[in-house]
Number of protein chains: 2
Amino acid sequence: MGPLISVKTIGRLSLYRRLLNRLSTSGTQNVYSHQLAALAGGTAAQVRRDMMAIGYMGSPKRGYDVRELIESIGNFLDSAQDQGVALVGIGNLGRAIMAYFTGRRPKLHIVAAFDSDPYKANRVILGCRCYPIAQLAEIVRELNITVGIVCVPANEAQAVADSLVRAGVTGILNFAPVPLRVGPGVYVEDIDMTMSLEKVAYFARTGSEREVLT
Amino acid sequence: MGPLISVKTIGRLSLYRRLLNRLSTSGTQNVYSHQLAALAGGTAAQVRRDMMAIGYMGSPKRGYDVRELIESIGNFLDSAQDQGVALVGIGNLGRAIMAYFTGRRPKLHIVAAFDSDPYKANRVILGCRCYPIAQLAEIVRELNITVGIVCVPANEAQAVADSLVRAGVTGILNFAPVPLRVGPGVYVEDIDMTMSLEKVAYFARTGSEREVLT
DNA sequence: TAGATTGTTAATCGATTAACAATC
DNA sequence: TAGATTGTTAATCGATTAACAATC
């Protein structure tokens, strides 16, 4: 059992790594907490706390070593073995997400896609095999898939989530515009684009002095 | 100047309204805080706090009136006039988002799209006129657009955001995998799908007892 | 009335911020 | 050394939770 790390910290680590990769390719070898904070849109103290949380120590003289830090974050975030991902719902959004994630992370692959529409199933999209949703449980078990991405309409989302969990999935990224209810062993991250757009529209209208709240 | 409401509350109101609309179409007339909380994945106390924040009062006997509550939330969230939205970046994700939001909210329309690729510009997608990015400032001002959606690659995102803000946009929904820096008068909501997927993969692997943290 | 739900206030909890000694 | 940055601890802040009187 590793150290206890919050959801927010895990998310920031993902962001830090991407920012560090960009720095690295442009030749930067060291970075100070306030520099990384400026890039990430946070505070220097928060960056240092996050680094302490994963047990990576900097030095007062040179800050953090970019290469070592990327590696330390990878030790935390990345799985040792390949992790399979299932995408459910191959509509516009599903296909865009498939294209977006393909080849982005070496250990994290979308290895199967599912759709209730038989015309969408039984083909190959971006190198990923698509199946009818009736085969979901079978394929998820067979391929040892642990992560699901839900891109189906709101009224199908809960049933899809239930099927995924029953088949052994323990983490779900949910794009359906409705919260999912799952058991205690399963982590769900909701991406609610409608909510986000309405928030933006609201604060675009009423001014951003309220942005400071929370 | 209306009452002070937090970003989180505004987001939840958006969710409540959608859930209430579903209840309404299925004939439900009243709802209790714990029922709405169960649907939204929150607590009853939180729902009641949110209702108090927008000044809508329930009754101990009948809880909240669904129809009135939908209307009260609308008074808060919705603009009196139409609000124009600009979408920048008409790749896979951009087109999916365009399809996703088209016709979803009566007062919130994507009225212009932009892309740096001339082959994508100067056409109509889903009823929305597309322009070369060179015309962004001009069109945004002309159409009084106040909300921008950024779907361009990471290395172009900050420049696009700067252009949008200069042209008068005061709210940005950012899908580019990099945080945007904007001045104080502008609200930015980041949707970082890579971060979200890595979080899900991490907690799918390490178990969800840590999910409780934060 | 009895009872569940409501609005409201006080207590708790966690995260952020500020302060500071240690380090290169 | 001087000085900026680091890890660490204490103070602050905000939100959530719990407790409770008021209401239909």
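Note that the structure is predicted; figures quoted are calculated from it, not measured. Protein chains get the first letters and strands the later ones, always in sequence-line order, with residue 1 at the start of each.
Looking at heavy atoms from C-beta onward, A/M98 lies in side-chain contact with A/C128 at the 4.5 angstrom threshold. Residues B/L20 and B/L23 form a side-chain contact, since some pair of their non-hydrogen atoms from C-beta on lies under 4.5 Å apart.
Computed from coordinates, the B/D50 CG to C/dG7 C1' distance equals 14 Å when rounded to whole Å. Separating the CG atom of A/L36 from the C1' atom of D/dT5 is a distance of 14 Å, rounded to the nearest angstrom. Rounded to whole angstrom, the span from the CD1 atom of A/I54 across to the C1' atom of D/dG7 amounts to 15 Å. Taking atom CE of A/M52 as the reference point, atom P of C/dA15 lies 14 Å away to the nearest angstrom. Atom NZ in A/K8 sits about 13 Å away from atom P in C/dG14, given to the nearest Å.
Salt bridge B/R18/A/D192: present, at least one basic N to carboxylate O contact under 4.0 Å.
Neither side chain, B/Q29 nor B/R67, offers a donor N or O lying under 3.5 Å from an acceptor on the other.
The nucleotide D/dA21 finds its pairing partner in C/dT6, both defining distances of the Watson-Crick or G-U wobble pair being shorter than 3.5 Å. Across all strands shown, D/dC13 is found opposite C/dG14 as a Watson-Crick or G-U wobble partner, with both distances under 3.5 Å.
Using a 4.0 Å heavy-atom criterion, one finds that B/M57 contacts the sugar-phosphate atoms exclusively.
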Test A/F101 against A/I149 for side-chain contact (heavy atoms from CB on, under 4.5 Å), laying out the working first. CA-CA 11 Å; A/F101 284 127; A/I149 303 178; 4.2 Å; yes
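Residue pairs that meet the side-chain hydrogen bond (donor to acceptor under 3.5 Å, both in side chains) test with at least one member in residues 68-82 of chain B, sequence neighbours left out, are B/R17-B/D78, B/Y56-B/E68. Sequence neighbours left out, the pairs with a member in residues 85-111 of chain B that pass side-chain hydrogen bond (donor to acceptor under 3.5 Å, both in side chains) are A/E198-B/R105.
Taking side-chain N and O atoms only, A/S33 has a distance below 4.0 Å to OP1 or OP2 of D/dT6. The phosphate of C/dG7 has neither OP1 nor OP2 within less than 4.0 Å of any side-chain N or O from B/Y56.
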Contact state string [nucleotides 17-24 of chain C, B base, S sugar-phosphate only, - no protein heavy atom under 4.0 Å]: B-----BS
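Where B/H34 and A/R12 meet DNA chain C, the nucleotide closest to each residue was compared, and B/H34 sits on the side nearer the 5' end.
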